[in-house]
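Nothing fancy with the numbering, it's 1 onward along the sequence. Only heavy atoms go into these numbers, but all of them, side chains included; no hydrogens, no water, no symmetry mates.
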Amino acid sequence: MSDVRDVITCRRHAMWLAVVSLVAFALSQRSLALGLVAIVVAAASWMVTSQCTRRMLHPTAVLVLVSVVAAVVISQVWPRLDPARIPRWIGLGVFFGMLVRLWARRSISDERQVVLLSGVLLVAAGLHSIDLAVGMLIIAGTALAVDCVIRFRLLTPRDLAGPAPASRRQPLRGRPQSERDLRRVIIASLILTLLTSAVIFVILPRNPNPGGPLFGTGRGSRLGFPSDMSLRSPQWIEPGDRELLSVEWLGPDGKPPPVAETLRLRGQVLDRYDPVECRWFARIGPSQRFIINDGADRSPLALSPIDERINTHTLRVHYRGLYTDILFTPWITISIRGLNPQVFAYSPLTCSLQLVDIETAGVVRGYETRVQPFPAEAALNSLQGNPQRLPPPPSFPVDAVRDTALQWMEEGGLAGVAAAGESDERWARNIRIGRAFEERLRSEQFTYSLDLRGFVVGEGRDPIDLFLREYRFGHCEYFASALCALCQSVGVDARIVTGFIVHEYDAGDRRYSVREADAHAWVEIRSGSVQWTVLDPTPMADDTSLASERSVWGQVLRFLLGPLEDAWRERIERFDSLAQEEFVRGFNEWIARAIRQARAWPGAMAESLAERTGIQQAGVVWIAAVLVGIAFSSTAALLLWRRVQRRRRLLGLSRTGRMRARVALRDGAFYADSLALLAAFGCARPAWQSPRAFAESLRSKRPAAAEAMHAIIDRYYVIRFAGRRPDAVRRLQDAALVERLRAALARADAFTPSAARLGQR
């Protein structure tokens with residue numbers, strides 16, 4: 001029955017591994033539906049397949065369903081070979097293929113396929129998410145995978161080929177057979193796996209700028225935040241709840257405001273549109289300045305000093321789950337200080353900040369800025385360089401958008417508002433036209449939606465024109481793109497700003513939490529030579545819904561898991577090259593300090609002992625020698641005690657009197673050695689089986705060993721029950737019986753040095 005239980009245990013652990021991998025992948029995709037489907041389907045499949053009922057899927061049905069899943073994956077990946085889409089769809093294909101495979105009629109050998117598919121899902125989950133929950137499930141799945149691999153390796157090919165779980169297992173030579181030994185091997189393997197993973201994690205070089213489509217959200221993006229905005233491939237966007245930034249907002253008095261206010265954090269500024277690729281991108285200004293900050297004091301961004309005594313706030317940002325070279329600040333920043341030394345690039349044209357030396361210094365961990373929400377014109381001139389001439393009116397490269405803009409202006413009574421030459425008239429015109437377009441986009445004619453799967457961009461059509469004329473639904477990127485395009489098409493200076501609108505405020509910690517769902521895009525209209533006014537065409541109800549969708553239980557769960565998430569981000573997610581260098585430096589200092597203390601400790605102890613007792617140096621050496629002798633003697637006594645206890649267990653003397661047990665241990669040691677030798681060769685004696693019955697059971701497997709074991713048992717019975725004490729000659733003969741058994745086992749099996757060492761123990 002123990003063999004049947006081993007097979008059932010293997011199948012049960014493989015099922016647990018499948019469930020963990022399915023849930024991990026579902027969490028990485030942030031899909032509660034996938035997770036619930038995985039748990040329900042896996043539980044139902046175990047209830048059905050474990051009973052070997054006729055409700056299991058036929059192999060032909062499994063092949064058809066898997067082929068359908070593969071065809072769907074290929075149809076989604078092949079038309080647009082986007083590397084960012086391939087891992088997700090492969091993971092989804094394996095996900096549904098796993099669900100189908102769990103319902104199939106399979107042998108214990110087929111469970112290896114489940115283990116392999118589970119490994120693929122764990123890798124896919126790791127590629128898509130670095131959240132704490134996903135990381136914990138990946139670690140648990142790795143532990144289960146190690147357990148499954150070891151248990152499958154202990155099964156014979158006969159077990160693996162037969163139907164589960166009816167076959168019998170032949171014990172393998174040299175393998176641990178008891179459940180206790182198996183658990184020890186699994187625990188040791190898990191410890192070795194975790195230690196190896198930790199060493200690899202610490203030692204291997206860490207690239208602080210992974211780049212590529214797997215780590216960004218758009219073309220040309222760096223470290224998680226897009227540097228442009230593409231409208232070519234509309235898709236469904238699921239708002240995430242992962243925390244990206246932690247923000248402190250302090251007033252001019254250095255204290256948090258009494259009433260939480262909504263913060264608008266500017267990131268990228270996009271003012272050029274590519275009609276071929278349908279994307280917005282940033283113009284690089286020629287007057288970009290570089291600010292070197294050592295992390296100690298704030299570095300000013302202005303060309304001349306700015307008075308910070310009036311209406312100057314302090315913004316402190318700590319990065320949580322976002323890796324980017326873009327710095328997010330309100331309008332307008334006058335000075336900055338990084339938590340670690342960094343070089344910042346400041347663009348006076350857009351008042352945006354970005355990291356420069358990211359390959360060497362690593363991603364910024366946080367920063368502190370001084371901000372003036374309502375700056376004076378003198379401060380703006382100092383920050384932007386006091387431009388001598390005004391830029392020419394902009395234009396938009398899509399004529400259809402200009403036609404729509406002119407039509408809206410005529411319908412709104414703005415047809416007679418012509419382009420003004422004087423600056424003041426130009427800025428007033430910009431604001432008037434921009435607000436009219438904003439009001440039109442926020443009307444009931446347009447609908448906010450995150451599901452853009454029905455937004456089909458045909459060949460030769462522009463997505464902004466389609467949004468304005470036909471579909472009239474989309475998310476903030478389409479509303480901001482439409483307003484900016486309409487304004488530029490009629491000569492109004494406009495640009496798109498991507499960043500975050502922050503609503504969630506923790507009154508206890510006095511911090512704002514910036515989450516994925518807070519990402520937003522809006523428009524800035526030029527309202528002066530150096531002034532810009534914010535316009536947001538996205539419907540207000542949908543802006544505020546980003547914060548209201550978060551439930552109370554979610555906030556409670558985040559409060560409970562907050563310390564763990566912080567430790568995960570600081571120790572795992574943010575372990576870049578800079579943290580790796582600091583760790584190595586600290587480890588080297590700790591080793592050097594430990595070596596110095598170890599060298600100084602004996603001398604210090606000797607001096608302290610000599611001062612307290614009056615013993616000279618020779619006496620201290622003598623005491624040290626005695627202590628070393630005691631340590632060696634204690635170690636030898638411990639090893640001897642463990643050997644005696646092992647022999648007591650093998651001889652069944654746990655309930656025997658002390659005197660009789662001592663005699664049996666001394667005179668029957670050869671019998672204990674023979675049992676240990678047989679166990680090393682895969683023939684352990686069950687506790688419920690008598691010695692003679694055990695020897696008879698060996699005849700079908702190893703006849704020569706059975707004969708030798710019969711002689712050993714006869715000799716042991718004479719000593720144990722007849723009370724005949726052996727003399728020196730009989731002791732040599734008893735030892736020869738053990739050597740005879742060893743030789744018989746060596747002839748019957750392929751003798752290995754490892755087995756010999758086990759037998760001599």
Side-chain angles (χ1 to χ4, degrees), residues 227-232 266-285 347 349-352 387 389-412 414-423 425-442 446 457 461-469 472 474 476-499 520-538:
S227 58
D228 60 4
M229 192 170 69
S230 177
L231 306 177
R232 168 63 71 180
R266 304 170 75 252
Q268 284 284 62
V269 179
L270 314 174
D271 56 357
R272 291 293 182 269
Y273 184 74
D274 186 348
V276 177
E277 298 185 1
C278 302
R279 68 182 183 94
W280 292 91
F281 59 95
R283 175 178 50 176
I284 301 177
S347 176
L349 188 65
T350 60
C351 295
S352 59
R389 59 185 183 87
L390 297 176
S395 61
F396 193 73
V398 180
D399 295 334
V401 175
R402 185 174 185 275
D403 296 339
T404 302
L406 294 176
Q407 178 184 349
W408 285 13
M409 290 178 62
E410 183 177 356
E411 295 174 357
L414 300 176
V417 181
E422 298 296 332
S423 59
E425 296 178 0
R426 177 178 173 181
W427 313 143
R429 174 181 180 273
N430 288 352
I431 295 297
R432 185 179 179 185
I433 294 178
R435 293 198 183 279
F437 288 157
E438 178 192 33
E439 183 179 355
R440 182 69 174 266
L441 289 171
R442 296 175 73 95
F446 292 85
V457 181
R461 298 298 302 274
D462 186 80
I464 299 179
D465 180 47
L466 289 173
F467 172 78
L468 293 171
R469 291 174 179 266
R472 299 198 172 192
C476 60
E477 293 183 357
Y478 285 82
F479 281 91
S481 298
L483 177 57
C484 187
L486 290 169
C487 290
Q488 289 186 358
S489 64
V490 292
V492 174
D493 303 77
R495 61 192 186 187
I496 296 176
V497 180
T498 59
H520 194 55
W522 60 92
V523 175
E524 291 179 349
I525 300 292
R526 183 183 289 275
S527 56
S529 58
V530 290
Q531 291 90 357
W532 293 80
T533 299
V534 173
L535 298 182
D536 195 343
T538 306

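With contacts defined as side-chain heavy-atom distances shorter than 4.5 Å, the pair Trp522/Val534 qualifies. The shortest side-chain heavy-atom distance between Thr533 and Arg435 falls under the 4.5 Å cut-off. The shortest distance between side-chain heavy atoms of Ser395 and Arg402 does not fall below 4.5 Å. Side chains of Trp532 and Arg495 form a contact here, defined as non-hydrogen atoms less than 4.5 Å apart. Side-chain contact between Val523 and Cys487 is absent, with no heavy-atom pair separated by less than 4.5 Å. In this structure, the side chains of Glu477 and Phe467 stay at 4.5 Å or more apart for every pair of heavy atoms. Proximity of Arg279 to Phe281: side-chain heavy atoms (C-beta onward) are separated by under 4.5 Å at one or more points. At a threshold of 4.5 Å between non-hydrogen side-chain atoms, the residues Leu483 and Leu535 count as touching.
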> Are Ile525 and Ile433 close enough, and set up right, to give a side chain to side chain contact (heavy atoms under 4.5 Å, CB included), and what steps lead you there?
Replying inline: CA-CA 10 Å; Ile525 300 292; Ile433 294 178; over 6 Å; no
>> Pair Gln268, Leu270 - check side chain to side chain contact (heavy atoms under 4.5 Å, CB included), show working.
In response: CA-CA 6 Å; Gln268 284 284 62; Leu270 314 174; 4.2 Å; yes
> Which is it for Val401 and Leu486 under the side chain to side chain contact (heavy atoms under 4.5 Å, CB included) test, yes or no, and what are the steps along the way?
Replying inline: CA-CA 6 Å; Val401 175; Leu486 290 169; 4.1 Å; yes
> For Ile464 and Val398, what are the C-alpha separation, side-chain angles and deciding distance, and is it a side chain to side chain contact (heavy atoms under 4.5 Å, CB included)?
Replying inline: CA-CA 9 Å; Ile464 299 179; Val398 180; over 6 Å; no
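In terms of the ring-ring contact (aromatic ring centres under 6.0 Å, His included) criterion, residue partners of Phe396 (sequence neighbours excluded) are, by chain and number, Tyr273, Trp280.
Arg469 contributes atom CZ, which lies 8.0 Å from atom CZ of Arg461 (distance to the nearest 0.5 angstrom). Remark: Asp536 CG to His520 NE2 distance equals 3.5 Å, nearest 0.5 Å. To the nearest 0.5 Å, the span separating CD on Gln407 from CD on Glu410 amounts to 8.0 Å. To the nearest 0.5 Å, atom CZ of residue Arg426 and atom CD1 of residue Ile431 are 12.5 Å apart. Expressed to the nearest 0.5 Å, how far OG of Ser527 lies from CG of Asn430 amounts to 8.5 Å. To the nearest 0.5 Å, atom CG of residue Asp271 and atom CD of residue Glu524 are 11.0 Å apart.
Pairing each heavy atom of Pro463 with each of Cys278, the nearest pair is CD-SG, 3.5 Å. A pairwise comparison of heavy atoms in Arg432 and Leu414 identifies NE-CD2, 3.3 Å as the closest pair. In this structure, Met229 and Ser481 approach most closely via the heavy-atom pair CE-OG, 3.3 Å. Across all their heavy atoms, Thr538 and Ala521 have their closest contact at OG1-O, 4.3 Å. Of all the heavy atoms in Ser352 and Gly267, the pair that sits closest is CB-O, 4.0 Å.
Crowding of Asp403 atom CG: a count of heavy atoms from other residues, nucleotides or ligands under 6.0 Å exceeding 12. Annotation for Glu439: atom CD does not count as buried by contact number, only 12 or fewer foreign heavy atoms lying within 6.0 Å.
The main-chain N or O of Leu468 is found under 3.5 Å from a side-chain atom of Arg472 such that the two form a donor-acceptor pair. Arg442 contributes no side-chain N or O that, together with a main-chain N or O of Phe437, makes up a donor-acceptor pair within less than 3.5 Å.
Under the 4.0 Å criterion applied to side-chain N and carboxylate O atoms, Asp493 and Arg526 are assigned as salt-bridge partners.
Aromatic ring orientation, Phe446 versus Trp408: perpendicular (interplanar angle above 60°, classes split at 30° and 60°).
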